[in-house]
Undergrad: 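Supplied in structure tokens, the structure appears directly below.
We name chains A, B, ... by the order of the sequence lines, and we start the count at 1 in each one.
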Amino acid sequence: MRELFFLLGFEFREEFDSIAWTVYLWLFFAFQYFVYGQLISKLVTSVSDYYLYYGTGLLIIMTFNVGTWAGRRFVEGAHEGRLRYILSLPIRRGELFLEQVLLGLASNLVRVGPPLVLILILNGMPAVVLLSSVAVLLAMSVGIMGIMISLSFIAFKSFDIYSAIIAGLSALLIRFSTVLYPLAFMPKAYSTVSLANPLTYGGDLLRNSLSVDVNSLLNPQVSTFVVVAVGISTIALGMMLVPRTLEGVKSS
Amino acid sequence: MNLENAVETVGLTKSYGNVKALDGLSLNVRRGEILVLLGPNGSGKTTLLHLLSTVLKPTSGTAKVMGYDIVKQPLKVRESIGISFQEPRGFWRHKPYHILSFHAAIYGLTGEEKMQVVEKTLRDFDLWPSRNKRFMELSGGQGKRLEVAKLFVHRPGVAVFDEPTAMVDLEGKRMIWDRIRALREAGSTIIVATNEVREAEYLADRISIMKSGKELVTENLRTLKDSITGGDVVEVGLSTAISDQMLQVVTGVPGTVRVLQESESMLKVFVNRSEDWLPQMMFSVQSLGAKVTSIRVSEPSLDDVFLHYTGKVVVKQANA
């Protein structure tokens, strides 16, 4: 385990050596929340406090993007030779996978944490809400990273196809979910699809923890179960698939 | 596993679809030796190194590194082996000092000892002045030296170098070769994959020539050169005109492969093991009352050996 934390520290240092992407994410949040969010929440009157609803939606989108980035980074590491070097070090494959997940979680905490804190402060929420909100976002992040890393085997055949699939998946998962609009307001066809989408449960769970429009949200116990189950199953899938993918395919 | 061997492979195969990158390779590397894998591009050298360092898993067959099975005990193998990859890539934003410090820490070095080893290694590889540059700012040669230098931080039982001097200038090549030799003297077993013949000649205790995922031959340089039939070329000047009888006598000397008369008193003879052939030839010539006035011997180069085993004909070159 000692090696895992050395590696985690080393990769974390490289990840945040450049803060350009982090600053971009914060700027994206600021513009969307303070400009677009302000205006759209005046148009949407049928959802009580849509401004806060929209703000939490942005946090979920950011979590999704950071999770996607973690998967993409993993794939790029394989193509660039970084992963090949790590594979040659005396670290168990399971620990390596865990390290990648922890790196993703740390990235999520650093990049999504400040906007979350800002929303809590602006809405006068107690500090204890921060803990539950962070827990939900990190749990979601695990599931998203698990999916993205598990899909990395596609990238070893074609990085272009992987990129296209991830972009398509991102668009679909966010649109067919409760990230930007509640389930109760969706047409039947949309809501049926959205109920099969883990982001719906993650989004509603986050809003539960922030006490947003509680009546229109899914049962928090069900949402917790789905989010945790998706996280565990995708990580297990990744731990099974990734070593086979990496050790059976040329990395460059 | 034979205790004299640091590495043993048995029927080691790696396939990508229908392509066999490595095809049933059985090879031993003795403890403390420098084995050079020499082969054209695509001969399976790099695949073999990746399998031995457990970066890849074999499709079939197996291998042991310092007694540990690469499939069943990969962690033990990784603790025993170190690999310097062909292309120096990876942590673009890290600096050489941090890269080697991390590498040292992973292999258990800590505190003052770690700092001393990292500094010494950076100085040994002429990277100390560049220690705080980012990896992406290093030249190709510096990046390659850094890649090679990693193995000198933790000095593994089996050190594997994939084309260790590619992209490195002549001075740097010599420096890296000398360091690799020193690493062997310090107790490591060395495997070097290269397609540079001069590198093989400089470093190798034994050379394994590979082609299409298979080992064609593994021997020391002397034996490899001697293994080429008629590989040594001897030009002999005689004190008298060459008669038919003289030609017959020279042709009859054991080890003679082919005799050409170059001029009235000069022969060009293709022989096996010129060191054994020459005394016998001189005795035979003197028995006919002639004297040898000049001798010029050229033995096959490793290029010739390489081309011979990988499909080209050496005699064609000797005649050129």
Undergrad: Mind listing the closest non-hydrogen atom pair of B/Tyr107 and A/Ser88 along with its distance?
TA: OH-O, 3.9 Å
Undergrad: Identify which part of B/Ile106 has an atom lying under 4.5 Å from any heavy atom of chain A, answering side chain, backbone, both or neither.
TA: both
Undergrad: Between A/Arg82 (side chain only) and B/Phe91 (backbone N and O only), is there a donor and an acceptor less than 3.5 Å apart?
TA: no
Undergrad: Any heavy-atom pair between the side chains of B/His50 and A/Arg84 that's under 4.5 Å?
TA: yes
Undergrad: Just wondering, do A/Leu89 and B/His103 contact through their side chains at under 4.5 Å, heavy atoms?
TA: yes
Undergrad: Could you tell me whether a side-chain N or O of B/His94 sits under 3.5 Å from a main-chain N or O of A/Phe10, the two making a donor and an acceptor?
TA: yes
Undergrad: Given a strict heavy-atom distance threshold of 4.5 Å, which part of B/His98 is in contact with chain A: side chain, backbone, both, or neither?
TA: both
Undergrad: Please say whether more than 12 non-hydrogen atoms of neighbouring residues, nucleotides or ligands are located less than 6.0 Å from NZ in B/Lys114.
TA: yes
Undergrad: Name the region of B/Ile99, side chain, backbone, both or neither, that has any atom closer than 4.5 Å to a heavy atom of chain A.
TA: both
Undergrad: Counting only heavy atoms closer than 4.5 Å, note whether A/Glu15 contacts chain B via side chain, backbone, both or neither.
TA: backbone
Undergrad: Should A/Tyr85 and B/Val55 count as side-chain neighbours, where that means a heavy-atom distance under 4.5 Å?
TA: no
Undergrad: Grab the two heavy atoms, one from B/Gly108 and one from A/Arg2, that are nearest each other, plus how far apart they are.
TA: CA-NH2, 3.0 Å
Undergrad: Given heavy-atom pairs under 4.5 angstrom as the criterion, report whether the side chain, backbone, both or neither of A/Leu7 touches chain B.
TA: both
Undergrad: State the CH2-CG distance between B/Trp92 and A/Asp17, to the nearest 0.5 angstrom.
TA: 14.5 Å
Undergrad: Could you tell me which portion of B/Lys76 (side chain, backbone, both or neither) has an atom closer than 4.5 angstrom to a non-hydrogen atom of chain A?
TA: neither
Undergrad: Any idea which heavy atoms bring B/Arg78 and A/Leu87 closest together, and the distance?
TA: CD-O, 3.2 Å
Undergrad: Shorter than 4.5 Å, heavy atoms on both sides: which option in A/Arg13, A/Glu14, A/Glu3, A/Arg93 has the most such pairs with chain B?
TA: A/Glu14
Undergrad: Taking everything shown except A/Phe34 itself, do over 12 heavy atoms lie less than 6.0 Å from its CZ?
TA: yes
Undergrad: Could you tell me whether A/Ile19 atom CD1 has more than 12 heavy atoms of other residues or ligands within 6.0 Å of it?
TA: no
Undergrad: How about CE on A/Met240, more than 12 heavy atoms from neighbouring residues, nucleotides or ligands closer than 6.0 Å, or not?
TA: yes
Undergrad: I need the residue from A/Arg92, A/Glu11, A/Glu76 with the largest number of non-hydrogen atom pairs under 4.5 Å to chain B.
TA: A/Arg92
